[in-house]
Amino acid sequence: MRPLTIDEVVGQEHILGEGKLLRRVIEADRLTNIILYGPPGCGKTTLAEVIAKATKRNFVRCSGVVSNVAEIRKVCERARTELGGPGTILFVDEIHRFNKAQQDVLLPYVEDGTVVLIGATTHNPSMFVNTPLTSRSLVFELKPLSADSVGALLDRALTDEKRGYGTLPTHLASDARQFLAEICDGDGRHALTALEVAVRSTPADDQGVIQLTLDVIQECVQRRQVQYDKKEDGHYDTISAFIKSVRGSDPDAAIYWLAKMLVAGEDPRFIARRLVILASEDIGNADPRGLTIAVNALQVVEFIGMPEARITLAQATTYLATAPKSNRSYEAVNQAMADIEHGAVQPVPEHLKNVHIKAVGHEKAPKYKYPHAFREAWVEQNYLRIPKRYYYPSDQGYEATIAKRMEALQAIKPS
């Protein structure tokens, strides 16, 4: 059921729609090196083959998993000496799996036009593909297919008489179609595989029709495929959405992203560690209990693991998401570190130095004032040679109490 022309490609309207860049490049036959970046089953290989057919070029396929330097050179030299004619497209599937040496081998053949490179990757090219290759290529990001697009693929497969099941009396129930279109998480290949399993494993009824009910489709899918790779953007994007939802005080969104990570098999300790960071960075003294709860959650996760750890993570997530927020401690230490890195480093005032270390002139320095000897355990004295304020308590939660206490201490008259 792989599309044979641009018009048969479902989805990716942002690059293949009328007037869009990739479509213009293909239709004008002004093909350049291309890197296609997107999740599994969104059509990267399909698009590469369609481009080759549309531009009438030879199509040679390599794999980043099994190809080596010798094979790459052999393919490129053959393109130079044997194939000729309209030119050659070298399609490298999973190009991110090529190491630097393998990617560098491609450069001279790409530069002199021996081959037009089309690389496909599920990884962000800016992180996993050498800069010399990305700088010589157009990078297009492919999106997961929408439920409507997946549904269209299913309909086509059931009605196409040459490549699909159009010659078989088959009925896909509307609720089963909707379920399959949504459950595959934008992966068209997964949807078609499930459909194939369902058609081939379901006997026809008394009328000779293969009835694909919701129960049949659910059995063939078994479990929802969550697009999430611990070493790819899915990992970083999802944890980013999770932390930003907690920071933004949206417990419902935070719980959803937590659930997605857990279903996808994310390490619960990684999630707990991020919550500990957030408790200090985004909540701080607005609710000091937040850090205690986050640290306790990390310990519980270490002790018991999954699946029970999901309960503790959910408790910590909802508490931190609904807690008052302040990043003033985070801002304070950042500013102090910036001053130290970019300015003069202040020496320790004499009256704050270790009293067990005597130095010449130390006896003439101001004496240290022991705060507990004064009212409210506070006395005015310089703790920096050049005083500067870094910490400005907010009016959120307990930090508002801290702010009032600091104001009250400043109002105390020396006794």
Side-chain angles (χ1 to χ4, degrees), residues 1-23 26 34-54 91 93-96 118-125 138-160 163-166 170 172-199 212 214 217-218 220-229 232-235 237-238 241 256-257 260 263-264:
M1 291 307 304
R2 197 181 293 280
L4 302 177
T5 66
I6 296 177
D7 291 330
E8 286 187 0
V9 176
V10 175
Q12 315 308 335
E13 289 83 1
H14 63 293
I15 57 174
L16 289 176
E18 290 295 333
K20 298 299 182 180
L21 177 58
L22 184 54
R23 190 181 191 99
I26 297 170
I34 292 172
I35 295 178
L36 302 174
Y37 153 51
C42 67
K44 299 184 292 295
T45 302
T46 291
L47 188 52
E49 293 184 359
V50 165
I51 290 172
K53 288 184 176 68
F91 175 66
D93 196 14
E94 298 192 78
I95 191 173
H96 60 272
I118 299 182
T121 176
T122 54
H123 290 54
N124 190 327
L138 291 175
V139 178
F140 293 98
E141 181 178 3
L142 276 65
K143 305 293 185 182
L145 298 179
S146 66
D148 289 341
S149 295
V150 176
L153 289 178
L154 297 173
D155 295 340
R156 182 187 296 172
L158 290 173
T159 56
D160 191 303
R163 293 179 287 163
Y165 293 121
T170 305
L172 177 63
S174 59
D175 55 351
R177 178 186 182 277
Q178 185 65 25
F179 171 81
L180 186 52
E182 293 177 352
I183 201 71
C184 291
D185 205 20
D187 187 335
R189 181 169 54 233
H190 181 59
L192 290 174
T193 299
L195 180 66
E196 181 178 16
V197 171
V199 172
L212 302 181
L214 178 59
I217 294 299
Q218 286 177 331
C220 292
V221 172
Q222 291 294 313
R223 183 181 178 188
R224 186 182 195 101
Q225 301 297 304
V226 178
Q227 298 294 353
Y228 185 92
D229 191 304
E232 299 178 17
D233 288 351
H235 164 80
D237 289 346
T238 308
Y256 178 85
W257 297 121
K260 178 181 178 181
V263 169

Discussion item. For the CD1 atom of I183 and the NE2 atom of H190, what is their distance to the nearest 0.5 Å?
Written reply: 8.0 Å
Discussion item. Nearest 0.5 angstrom please: I6 CD1 to L4 CG, how far?
Written reply: 12.0 Å
Worksheet, complete the sentence: Between L153 and G188, the two heavy atoms sitting closest are CD1-CA, 4.0 Å
Worksheet item: Hey, are the side chains of F179 and V221 touching, using non-hydrogen atoms and a 4.5 Å cut-off?
Response: yes
Discussion item. Using a strict threshold of under 4.0 Å (side-chain N to carboxylate O), is an ion pair present between D155 and R177?
Written reply: yes
Worksheet item: Distance from R2 atom CZ to L47 atom CG, nearest 0.5 Å?
Response: 11.0 Å
Item to complete: Assess whether atom NZ of K20 is packed by more than 12 heavy atoms of other residues, nucleotides or ligands within 6.0 Å.
Response: no
Worksheet item: Which atom pair, heavy atoms only, marks the closest approach of A176 to L172?
Response: CB-CD1, 3.9 Å
Item to complete: Determine the minimum heavy-atom distance between L154 and A181, stating which atoms define it.
Response: CD1-N, 4.4 Å
Worksheet item: Is the shortest heavy-atom distance from the side chain of L36 to the side chain of V139 under 4.5 Å?
Response: no
Practice prompt. Indicate yes or no: at least one non-hydrogen side-chain atom of I34 is less than 4.5 angstrom from one of I51.
Written response: yes
Fill in: D7/R23 salt bridge by N-O under 4.0 Å criterion
yes
Worksheet item: Can you check side-chain contact (heavy atoms from CB on, under 4.5 Å) on H96 and T122, steps first, answer last?
Response: CA-CA 8 Å; H96 60 272; T122 54; 3.8 Å; yes
Practice prompt. Not counting sequence neighbours, which residues clear side chain to side chain donor-acceptor pair (under 3.5 Å) with E13? List them please.
Written response: none
Worksheet item: What heavy-atom pair brings C42 and L145 nearest, and what distance separates the two atoms?
Response: O-CD2, 4.1 Å
Worksheet item: Do the charged groups of R163 and E196 touch, with an N to O distance under 4.0 Å?
Response: no
Response to the item:
In this structure, CZ of F91 is separated from OG1 of T45 (nearest 0.5 Å) by 3.5 Å
Practice prompt. List the atom of V10, the atom of S149, and the distance in Å for their closest heavy-atom pair.
Written response: CG1-CB, 3.3 Å
Fill in: From T121 atom OG1 to E94 atom CD, the distance as rounded to the nearest 0.5 Å
8.0 Å
Worksheet item: Can you find a heavy atom in the side chain of L21 that is under 4.5 Å from one in the side chain of I15?
Response: no
Response to the item:
L142 and P39 have their tightest heavy-atom pair at O-CD, 3.5 Å
Worksheet item: If you round to the nearest 0.5 Å, how far is CD of Q12 from NZ of K44?
Response: 9.5 Å
Discussion item. Counting C-beta onward and ignoring hydrogens, is there a side-chain heavy-atom pair between L138 and I35 closer than 4.5 Å?
Written reply: no
